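Report on one structure; see the data block that follows.
Note that the structure is a prediction, hence the values are computed from the model and not measured. One-based numbering, in listed order, for ligands and for the atoms of each.
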Amino acid sequence: MRIRTKIVLTILGITLVPWVLGGGAAFLIAHERAGGGLDWLLAAAGLLAAALISVVGAAMARSITEPILNLTELAKGISKGGMRQSVIVTSKDEVGQLAEAFNTMVFDLWEANDTLEKKVRARTRELAEKSKEAKDSEDAALNIAEDLKEEEERLAAEKANAESLANDLMKFKLALDNVSDQIIITDQEGTVMYVNPVVERATGYAPDEVVGKKSGALWKSPMPAEFYRDLWRIVKEEKRPFTGEMQNRRKNGEVYTAMTTISPVVDRSGKVLFFITVERDITREKEIDVAKDEFISLASHQMRTPITVINWYSEMLREGDAGALTEKQKSYFDEIYAAARKMNDTIKSFIHILRLETGSVAANPVPLDLAAAAKAVIQDTRLAIEKKKLRVVETYEQQLPELSVDEDLFRIILQNLVSNAVKYSPEGGELLVGIATARKGSVVAGKVSTEDSVLISVRDAGIGIAEGDKDRIFAKFFRAENAKLLDPNGNGLGLYMTRFMVDLVNGSVWFDSALGKGTTFYLLLPLAGKRA
Ligand code: ADP
C-alpha cells in the first residue's frame, strides 16, 4: 500500500474515530440520563467535543503528513534528476529536522554531483585528447608499419636478388672450375686474380703460387717483345679480344703452345676492369699437325712419284710400245694400270683431306664462270661417261651470275659429284647437270635459300641410296653395299671431302635418292660467301 493511502486512512481514522466514539458515548450517556429518553444538550456537547477532537486531530495529522509527502515528492524529483530542489522547513520537530537533514543531503549531493560532473567533463576532455593522441599515434604506427612492410619487401627482394646473384656466381665459378681450358683472370695490370684448376694441371703452378703475381713474370713466355706490344695494344687500348697461338713456359721450364683468347672486361665508362684469358694447350695437336705435314710431303713426293711411274710404264706396255702383247698380257696390264690409278686417287684424296684438316688449303676465290667450269669437269670425265654410254644433259641458266669461289675447290667438289653419278649409273643411263640462281628466300629442292646463291644439281638414274644408308653418306670411308657391288674401287672419301670443302665456301650439299631409281645431289653456294 502506498504511503499516501496510509496517511489518508490515518487522517480518516483520527477524524472519524472521535466522532464515532465521542458521538456514540454522548448519545448513550444522554440516553441514560433521560431515563430512556434523550438528553439533547449532553448529546450536542458530546458531538461538539467529538467534532473539535476531529478537527484538531486532522490538523495535527496534516501537519505531520504534509512535510513527509513533500519529502516524498522531492525525493522523486531528485531521483528523476532534479538536483536543485529543496524542502521548505516549516517546523522544528523531527519532521522539520528530517527535512533540514534532507535539504543538507540534497545540497551535499548537488555539490558532489557538480564536482563529479566537472571531473567527468575534465576527464572526458582529457580522454578525448588522449584518444586523439592515441589516434595520431595509431596513424603514425600504421605509417611506420607500412614503411616497415615496404622495407621488409625491399629487403626480401634484395635478399632474393643477392641469393640469385650468389647462385649465378657459384654456377659461374663451378663452370670455370670444370671447363677443360685454362682460365686466368687478371686485373688491368696483369696481376692474377683467379686461376681454375686446369692451370695447375697444365703449367704445374698451384693457385696460391700465381694469384697476386704478375702473369708475364710467371709464365716467362719465349714470345718476342713485339708480340706482347701488339697483344696489349689490342686488349688494353683498342679494348678488343685477342686470339692467337702463343708459347708459354711450364713451371718445369718446358715450353708449350697454347691457343689463347684474352678478352678485356670493360665497365660502362669504357674502363678496363680485368682480363679473362682462356688458354688451350695445343702442343699435342701441333705435334700431330707436324706429323700430318710430314706425311703429306712423304705421300705427295715419295709415294706418288713411283706410282706415277708405274702408271706410265704399264700404260706404255699395254699400248704395245715395247712390243706386241697377247690379250692375256693386255688384260693383266689393265689390272696393274687400274690398281695404280686407284692408289694414286686414294693418295690424292688423303693429301686433300689432310690439307683440309690441317687448314693448309690456300683458297683463292676468284669470279668464276660456273657453266664453263662445269663443262670442263664433264670433259674430264668424258672417258668414263663414254664407257658407260651415258647421255649427258646440261642445263645452265642464261646469264648466270659469277660466283667468287676457289676454282680448284669448285672443280674437285663438282668432279666428285659427277664421277659418282657416272660410277653409280647403269650403262645407257642419263646424267643431268644443271646450274641456276636461287634468290634469297626461294625454296630449292626442299630447302630455303637464306641468301642469294647458285644451285648446282647433278642427277643420275642409277642405283640410288637405301633409306638406312642416307645418314652415313657423307661419313669418312662409308660405302653402301650396292655401291661396293657395282664398283669395288671406291674409297669412301669423295663425299667426306666434298662436304668439308662445301663448308669452307659457306655452302651446303644434300641429296634426294630412291633405291634403284636414281639420285640427285644438290649444291647451294652463296654468291657472297667464301670463308676459306
Ligand atoms: P666412293 O664413291 O669412293 O665410294 P664417296 O665418298 O664418293 O665414296 O661416296 C660414298 C658412298 O655414297 C658411295 O660409296 C655410295 O654408296 C654413295 N653414293 C655416292 N654417290 C652416289 C650416287 N650418285 N648414287 C648412289 N650412291 C652414291
- Give me the ring orientation class for Phe275 and Trp232: parallel if the planes are under 30° apart, tilted from 30 to 60°, perpendicular past 60°. perpendicular
- Note on the structure: Counting from 1 in the order shown, the ligand 1 atoms closer than 4.0 Å to a non-hydrogen atom of Ala483 are 14 (O), 15 (C), 16 (O)
- Query: Distance-only, no hydrogens or angles: does the Thr520 side chain make a donor-acceptor pair with backbone N or O of Arg459 under 3.5 Å?
  - Reply: no
- Item | Nearest neighbour in protein (non-hydrogen) for atom 4 (O) of ligand 1 | Arg479 NE, 2.5 Å
- Query: Of all the non-hydrogen atoms in the protein, which one sits nearest to atom 27 (C) of ligand 1, and at what distance?
  - Reply: Tyr424 CD1, 3.6 Å
- Query: Can you find an N or O of Asn420 that's nearer than 3.5 Å to an N or O of ligand 1?
  - Reply: yes
- Message: For Lys330, is there an ion pair with Asp334 - N to carboxylate O distance below 4.0 angstrom?
- Response: no
- The atoms of ligand 1 lying under 4.0 Å from a heavy atom of Leu493, numbered in the order shown, are 6 (O), 8 (O)
- Task: Have a look at ligand 1 and work out which part of Leu495, if any, has a heavy atom under 4.0 Å from it: side chain, backbone, both or neither.
- Result: both
- Report yes or no: does Asn196 contribute a side-chain atom to a donor-acceptor pair with the main-chain N or O of Asp181 at less than 3.5 Å? yes
- Message: Please list the nearest protein heavy atom to atom 26 (N) of ligand 1 with its residue and the distance rounded to 0.1 Å.
- Response: Ile465 CG1, 3.4 Å
- Query: What pairs of residues pass the salt bridge (charged side-chain N to carboxylate O under 4.0 Å, His left out) test when at least one of them lies in residues 253-266, not counting sequence neighbours?
  - Reply: Arg250-Glu254
- Kindly confirm or rule out an N or O of Ala480 lying under 3.5 angstrom from an N or O of ligand 1. yes
- Task: Report yes or no: does Lys214 contribute a side-chain atom to a donor-acceptor pair with the main-chain N or O of Val192 at less than 3.5 Å?
- Result: no
- At a 4.0 Å threshold, what atoms of ligand 1 neighbour a non-hydrogen atom of Phe478? 10 (C), 11 (C), 14 (O)
- Query: When the ring planes of Phe227 and Phe242 are compared, do they come out parallel, tilted or perpendicular, using 30° and 60° as the limits?
  - Reply: perpendicular
- Message: Any nitrogen or oxygen of Asn491 lying under 3.5 Å from a nitrogen or oxygen in ligand 1? Just yes or no.
- Response: yes
- Item | Among Leu417, Asn416, Asp460, closest by any non-hydrogen atom to atom 23 (N) of ligand 1 | Asp460
- Item | Set of ring pair (Phe, Tyr, Trp, His ring centres under 6.0 Å) partners for Phe410, sequence neighbours left out | none
- Message: Starting from atom 12 (O) of ligand 1, what is the nearest protein heavy atom, named by residue and atom, and what distance separates them?
- Response: Ile473 CD1, 3.5 Å
- Message: We want to know whether Gln415 and Thr381 form a side-chain donor-acceptor pair, criterion being a heavy-atom distance below 3.5 angstrom.
- Response: yes
- Message: Between ligand 1 and Phe521, can you find any atom pair, the residue atom being a heavy atom, that is separated by under 4.0 Å?
- Response: yes
- With Arg154, the salt bridge (Lys or Arg N to Asp or Glu O under 4.0 Å) member among Glu152, Glu150, Glu158: Glu158
- Message: Just to check, does Lys423 reach to within less than 4.0 Å of ligand 1 when the distance is taken from its heavy atoms?
- Response: yes
- For ligand 1, is there an N or O atom under 3.5 Å from any N or O atom of Gly490? no
- Message: Quick check on Gly464 - does any of its heavy atoms sit under 4.0 Å from an atom of ligand 1?
- Response: yes
